[in-house]
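This report concerns only the one structure given below.
All residue numbers in this chain count up from 1 along the given sequence.
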Amino acid sequence: MKKKGRKSKKPEEKRDEYDPCSILPLELKTEILMKLPPKSIARLGFVSNHWSSIIRGQDFTNLYMTRSLAQPRLLFSVYRPNMQMPFFHSCSQEDPSSDHRRVSYSLNSDLRYSFSPPIGGLIFGQNNTKAMIGNPSTGQFVSLPKIKTQRKHIFSIFGYDPVNDLYKVLCMTVITKRGSQDFKWEDPMWEEPMTEEHQVFTLGPKQKWRMLECHYQHRHHSGSQGICRDGVLYYLASFNDKQSLMSFDLSSEDFNVAKLPEDYTLQQFGNLVDHSGKIAIVSQAYSGPMDLWVLEDASKEEWSKVAAIVPSITDIAGNVQRLIFKGILPTGEIILALLPTPKPPFFFLCYDPKEKNARKVVIEGIGEDYAAVNVFFDHVESHMVLSKVS
């Protein structure tokens with residue numbers, strides 16, 4: 001009669017036995033982890049079950065996120081020419097000259113992805129029907145299932161649902177409807193582009209795109225990106241021949257619409273931004289003043305207006321075609337990105353509306369070999385490890 005051999009231990013179980021750090025107090029191990037960059041923490045989670053249980057535990061996750069929220073960062077997505085590997089670069093938002101970090105990503109590096117503003121440490125990228133979600137602090141990205149559509153024009157927004165602790169992507173495709181009795185125009189050749197397919201994807205294993213029903217026939221503004229605030233996605237759209245603010249509740253998955261102020265510049269040149277935790281629209285007609293409209297009460301559709309005159313910046317930035325509002329620092333300075341992307345070394349502008357002057361902020365760590373750089377505001381670092389979607 002054969003004796004049963006002892007069951008061999010898994011590699012991670014063996015590592016747990018010989019891990020000298022296992023005898024350290026939990027408080028000391030937590031202190032050590034908090035001193036490491038997020039990429040190192042994510043890797044350490046695969047060393048042993050012991051480290052994984054700490055790093056992926058709710059207590060450490062909450063502690064790390066609390067600190068990250070208190071230390072927001074500027075995030076730059078950097079696209080390079082000649083099929084070179086793109087990368088993300090980040091630095092301190094309070095002091096852009098300090099704490100620089102670079103992380104490359106290799107997933108479909110030959111494609112140029114359009115990225116939504118990061119939320120909760122993650123970021124969403126899209127190239128036509130191909131999409132991905134990743135952690136720019138660790139460099140891990142996962143591909144999502146292809147967006148289910150035959151349409152060419154696709155608009156997507158990425159957000160976080162705090163009620164159910166879920167990350168979701170809202171995707172809308174556009175069709176063109178010819179003039180009919182449904183519209184006031186008599187020209188039968190007149191065409192109106194409208195959103196047709198509305199679908200949502202929930203980040204997680206074995207998830208798929210789900211079709212949604214929207215009762216508001218509208219057309220989103222392709223030139224203005226959407227943003228997420230407190231579990232609700234916002235984007236600008238045309239509804240009933242009026243410029244409007246559309247919203248999508250990530251928890252209930254319901255759409256809603258709100259009126260915009262009757263202001264010509266806002267209606268024609270408005271761009272949705274996040275202003276100190278509030279939904280706002282910044283508008284600037286050519287070289288005119290930069291107006292900031294802040295949504296004070298969404299239920300009452302109450303807006304307040306702040307005008308900030310942007311001075312001539314030719315002496316520090318040269319001839320630029322367009323200034324893009326990116327956010328406001330705790331100092332009250334307005335972050336302005338330039339289009340087209342400035343030549344090396346990369347820089348952006350900080351404008352002080354009280355002193356009415358601007359200063360150039362050079363980001364040395366990006367290097368000189370870049371084709372385009374996008375700036376994101378209020379990024380928080382995360383050590384989150386993503387599971388494969390499919």
Side-chain angles (χ1 to χ4, degrees), residues 71-81 84 86-104 112 114-115 117-118 123 136-137 223-225 227 269-276 280-292 306-381:
Q71 301 174 355
R73 299 175 67 81
L74 295 173
L75 180 69
F76 307 89
S77 64
V78 184
Y79 178 74
R80 299 196 289 179
Q84 296 183 76
F87 63 91
F88 286 96
H89 186 89
S90 69
C91 63
S92 168
Q93 186 166 290
E94 182 178 0
D95 179 11
S97 65
S98 67
D99 197 15
H100 287 252
R101 294 176 187 170
R102 176 190 288 205
V103 174
S104 299
R112 182 171 178 176
S114 175
F115 290 101
I123 198 167
S137 299
S224 176
Q225 65 182 7
I227 58 176
F269 304 100
N271 190 33
L272 204 60
V273 296
D274 189 329
H275 171 58
S276 302
I281 298 175
V282 63
S283 60
Q284 183 182 28
Y286 307 108
S287 58
M290 182 176 287
D291 295 334
L292 186 65
V306 178
I309 306 296
V310 179
S312 173
I313 58 171
T314 305
D315 55 335
I316 61 173
N319 293 318
V320 296
Q321 296 180 7
R322 189 180 175 194
L323 290 174
I324 308 297
F325 179 99
K326 285 296 181 179
I328 299 179
L329 294 174
T331 59
E333 290 180 298
I334 298 172
I335 294 179
L336 300 170
L338 286 71
L339 281 182
T341 300
K343 294 180 180 180
F346 177 80
F347 68 92
F348 60 87
L349 301 178
C350 282
Y351 172 67
D352 188 334
K354 292 183 179 179
E355 300 295 329
K356 300 191 184 314
N357 57 38
R359 62 185 176 93
K360 178 192 285 189
V361 180
V362 178
I363 307 298
E364 298 287 356
I366 289 180
E368 297 187 356
D369 189 15
Y370 59 80
V373 181
N374 199 1
V375 185
F376 297 106
F377 184 72
D378 275 345
H379 169 59
V380 296
E381 286 192 317

> Minimum heavy-atom separation for Ser137 to Val103, with atom names?
Replying inline: O-CG2, 3.6 Å

> Considering only heavy atoms from C-beta outward, does the side chain of Val361 approach that of Leu349 to under 4.5 Å?
Replying inline: no

>> Could you check whether Arg102 makes a cation-pi contact with Phe87, meaning its NZ or CZ is under 6.0 Å from the centre of the six-membered ring and within 45° of the ring axis?
In response: yes

> Yes or no on side chain to side chain contact (heavy atoms under 4.5 Å, CB included) for Ile334 and Leu292, after CA distance, side-chain angles and deciding distance?
Replying inline: CA-CA 11 Å; Ile334 298 172; Leu292 186 65; over 6 Å; no

>> Set out, in order, the CA-CA distance, both residues' side-chain angles and the distance that settles side chain to side chain contact (heavy atoms under 4.5 Å, CB included) for Val273 and Ile281, then state yes or no.
In response: CA-CA 6 Å; Val273 296; Ile281 298 175; over 6 Å; no

> Are Tyr351 and Lys356 side-chain neighbours, meaning at least one heavy-atom pair lies under 4.5 Å?
Replying inline: yes

> So which heavy atom on Thr341 is nearest to which on Ala372, and how close?
Replying inline: OG1-CA, 3.8 Å

> Looking only at heavy atoms, what is the nearest atom pair of Pro344 and Glu368, with distance?
Replying inline: CG-O, 3.3 Å

> Taking the side chain as C-beta and beyond, is there a heavy-atom pair between Asp274 and Phe377 under 4.5 Å?
Replying inline: no

> Looking at residues at least two apart in the chain, or sitting in another chain, which of them share a ring pair (Phe, Tyr, Trp, His ring centres under 6.0 Å) with Phe346?
Replying inline: Phe76

>> To check you understand the geometry: which heavy-atom pair defines the closest contact between Pro96 and Cys91, and what is its length?
In response: O-SG, 3.6 Å

>> Using the rule given for side chain to side chain contact (heavy atoms under 4.5 Å, CB included), can you reason through Ile363 versus Val373, listing the C-alpha separation, both sets of side-chain angles and the distance that settles it, and then say yes or no?
In response: CA-CA 11 Å; Ile363 307 298; Val373 181; over 6 Å; no

>> So Met290 and Leu336, do their side chains get closer than 4.5 Å, heavy atoms only?
In response: yes

> Heavy-atom distance under 4.5 Å between the side chains of Val375 and Ile324, does that happen here?
Replying inline: no

>> Testing the basics here: between Phe115 and Gln225, what is the closest heavy-atom pair and its distance to 0.1 Å?
In response: O-OE1, 4.2 Å

> When you look at Arg73 and Asp378, which way does the salt bridge (Lys or Arg N to Asp or Glu O under 4.0 Å) test go after all the steps?
Replying inline: CA-CA 6 Å; Arg73 299 175 67 81; Asp378 275 345; over 6 Å; no

> Using 4.0 Å as the upper bound for N to carboxylate O, is an ion pair formed by Arg101 and Glu381?
Replying inline: yes

>> Just verifying a value: how many Å separate Asn374 CG and Phe88 CZ, rounded to the nearest 0.5 Å?
In response: 9.5 Å

> Does the side chain to side chain contact (heavy atoms under 4.5 Å, CB included) test come out yes or no for Val362 and Phe348, once each step is laid out?
Replying inline: CA-CA 7 Å; Val362 178; Phe348 60 87; over 6 Å; no

> Centre of Phe347's six-membered ring, under 6.0 Å away, within 45 degrees of the axis: is that where NZ or CZ of Lys360 sits?
Replying inline: yes

> If we only count heavy atoms from C-beta on, is the Gln71 to Gln93 side-chain gap below 4.5 Å?
Replying inline: no

>> Restricting to non-hydrogen atoms, name the atom on Lys343 and the atom on Tyr370 that form the minimum distance, rounded to 0.1 Å.
In response: C-OH, 3.3 Å

>> Return the NZ to SG distance between Lys326 and Cys350, rounded to the nearest 0.5 Å.
In response: 13.5 Å

> Is any side-chain heavy atom of Phe376 closer than 4.5 Å to a side-chain heavy atom of Ile123?
Replying inline: yes

